[in-house]
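Here is the structure we will look at, set down as C-alpha cells.
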Amino acid sequence: MQKSSRLAIYALIELAADPERQVSVSEIGEKYRVSAHHLAKVMHTLGRAGLVRSIRGVGGGYSFSGNARRTTLLDVINLFEDMSSDCKLTDRDAATAAEWALFDVSCEINDIARATLGSITLSTMLKQIERHKKSAMARTSESEMA
Amino acid sequence: MSEKQSGSGGTPARKAITRRAEAADLEAVAALDERVTGAAKPGYWQDIFERYATRRLDERFFLVAEAPAAKSKGPILGFIVGEVRGWEFGSEPCGWIFAFSVEPGTREQGIGETLFQAISERFRAAGISTMRTMVARQNQLHMAFFRSEGMMAGPYLQLEKELDD
C-alpha cells in the first residue's frame with residue numbers, strides 16, 4: 001500500500017471518529033508524523049471524492065462528509081493507486097510458463113487482498129481501534145495489579 | 001448466506017428476539033433462504049433441522065430471529081446455524097457458523113447482529129473461545145458484516161483443486 005493511501009486512511013479514521021469535529025491538516029500531520037504538504041494533497045483528493053469537507057476560516061480544517069459504514073479501505077486506496085498493477089502480464093503472447101505461473105500466484109494474492117480491503121469499512125476500523133484500546137487498557141490494568 | 005452489514009454507526013435498532021428453531025419454522029427458513037439465494041433446497045433444510053435442532057443441542061445451534069411482539073409465531077426475520085467442531089484440520093474445538101441469513105426487507109436493523117451475538121453467547125456457554133466461518137471472496141456483504149462483528153482472517157487458508165476428467 002502506498003504512503004498516500006495509508007495517510008488517507010489515517011486521516012479518514014481521524015475525521016470519521018467524530019464527524020462534527022473539524023481537524024486541521026497540521027494536527028493530523030503531527031499525529032501521524034507526516035508533512036502537512038503531502039497530507040494537503042491527500043486531503044484534496046479525498047475532498048474531490050466527497051469523503052471530506054473543507055472548512056475555511058478560524059478554527060477551520062476538514063470534517064468527514066462520507067458514509068463510514070459504506071466506505072471501504074479499498075474505496076480509499078483506489079483513489080490513490082491501482083491495486084491490480086501487481087497482477088498484470090505485459091506481453092501475454094511472449095510470456096513463458098514461469099511468467100504465467102508467477103502471474104497466477106500474484107493474482108491469487110491480489111484477489112485476497114482486494115477481498116479483504118473491500119470488506120473493511122471505516123466504521124469497522126473504528127470498532128477495531130476501540131477493541132485495541134480496550135485490550136491495551138486491560139493489559140495495563142493487569143500489569144499494574146501484578 | 002445473506003446479510004448486509006450492520007452494527008454501529010446509526011443502525012436503527014429493531015427489537016428482535018432469538019430462539020431455537022422449531023419444526024414449524026422450517027418452511028419459513030427454507031423460503032427465506034430460497035428468496036435470498038434463488039435456489040430451493042427443502043431436503044437440505046430438513047436435514048439441517050434434524051441434525052442441528054434435534055440432536056446434541058449443547059453444541060449445535062439453529063437459531064431464528066423473530067419480532068418480539070408476535071403473539072403467535074411471527075414471521076422469521078433471520079436465522080443462524082452453527083456448531084462446535086473440534087480437531088478438524090488440527091484445530092482446537094471452535095464454533096463454526098455455516099448458515100446465516102436475514103430477511104432482505106429487514107436488513108440494517110440490527111437483526112443480523114442480534115443473531116450473531118446470540119450464537120456467540122451459546123458458543124461461549126459451551127466453553128468455546130473462538131468462532132469461525134467461511135465467506136466467498138465475492139460476497140462483500142457477508143465479508144463486511146462479519147468484519148464489522150470483529151471477525152478477521154484466521155490461521156487457516158481454504159485450498160481447492162479442479163479435478164481433471
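Computed over heavy atoms, backbone and side chain alike; hydrogens, waters and symmetry mates excluded. Below, read A as the first sequence line, B as the second, and so on, with proteins coming before strands; counting in each chain starts at 1.
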- Quick one: what part of A/D111 sits under 4.5 Å from any heavy atom of chain B, side chain, backbone, both or neither? both

- Answer with yes or no whether the hydrophobic clustering places A/L15 together with A/I9; edges join I, L, V, M, F, W, Y residues whose side-chain heavy atoms lie under 4.5 Å apart. yes

- Message: Can you confirm whether A/K41 is buried at NZ, in the sense that more than 12 heavy atoms of other residues, nucleotides or ligands lie under 6.0 Å from that atom?
- Response: no

- Item | Pairwise distance NZ(A/K127) to CD(B/E149) - rounded to 0.5 angstrom | 5.0 Å

- Task: Output the distance between atom CD (A/Q128) and atom CE (B/M152), rounded to the nearest 0.5 Å.
- Result: 4.0 Å

- Message: Around atom CD of B/Q117, are there more than 12 heavy atoms from other residues, nucleotides or ligands closer than 6.0 Å?
- Response: yes

- Whatever's closer than 4.5 Å to a heavy atom in chain B on A/T116 counts as both

- chain B heavy atoms under 4.5 Å from A/I112: which part of the residue, side chain, backbone, both or neither? both

- Message: Just verifying a value: how many Å separate B/M143 CE and A/T121 OG1, rounded to the nearest 0.5 Å?
- Response: 12.0 Å

- Taking atom NE2 of A/H44 as the centre, report whether more than 12 heavy atoms of other residues, nucleotides or ligands fall under 6.0 Å from it. no

- Message: Let me check something: do A/L12 and A/M83 share a hydrophobic cluster, defined by ILVMFWY side-chain heavy atoms less than 4.5 Å apart, either directly or through other members?
- Response: yes

- Task: Tell me, yes or no, whether the heavy-atom count around A/R131 atom CZ, taken from other residues, nucleotides or ligands under 6.0 Å, exceeds 12.
- Result: yes

- Task: Kindly compute the distance separating CD (B/Q138) from CZ (A/R114), expressed to the nearest 0.5 Å.
- Result: 11.5 Å

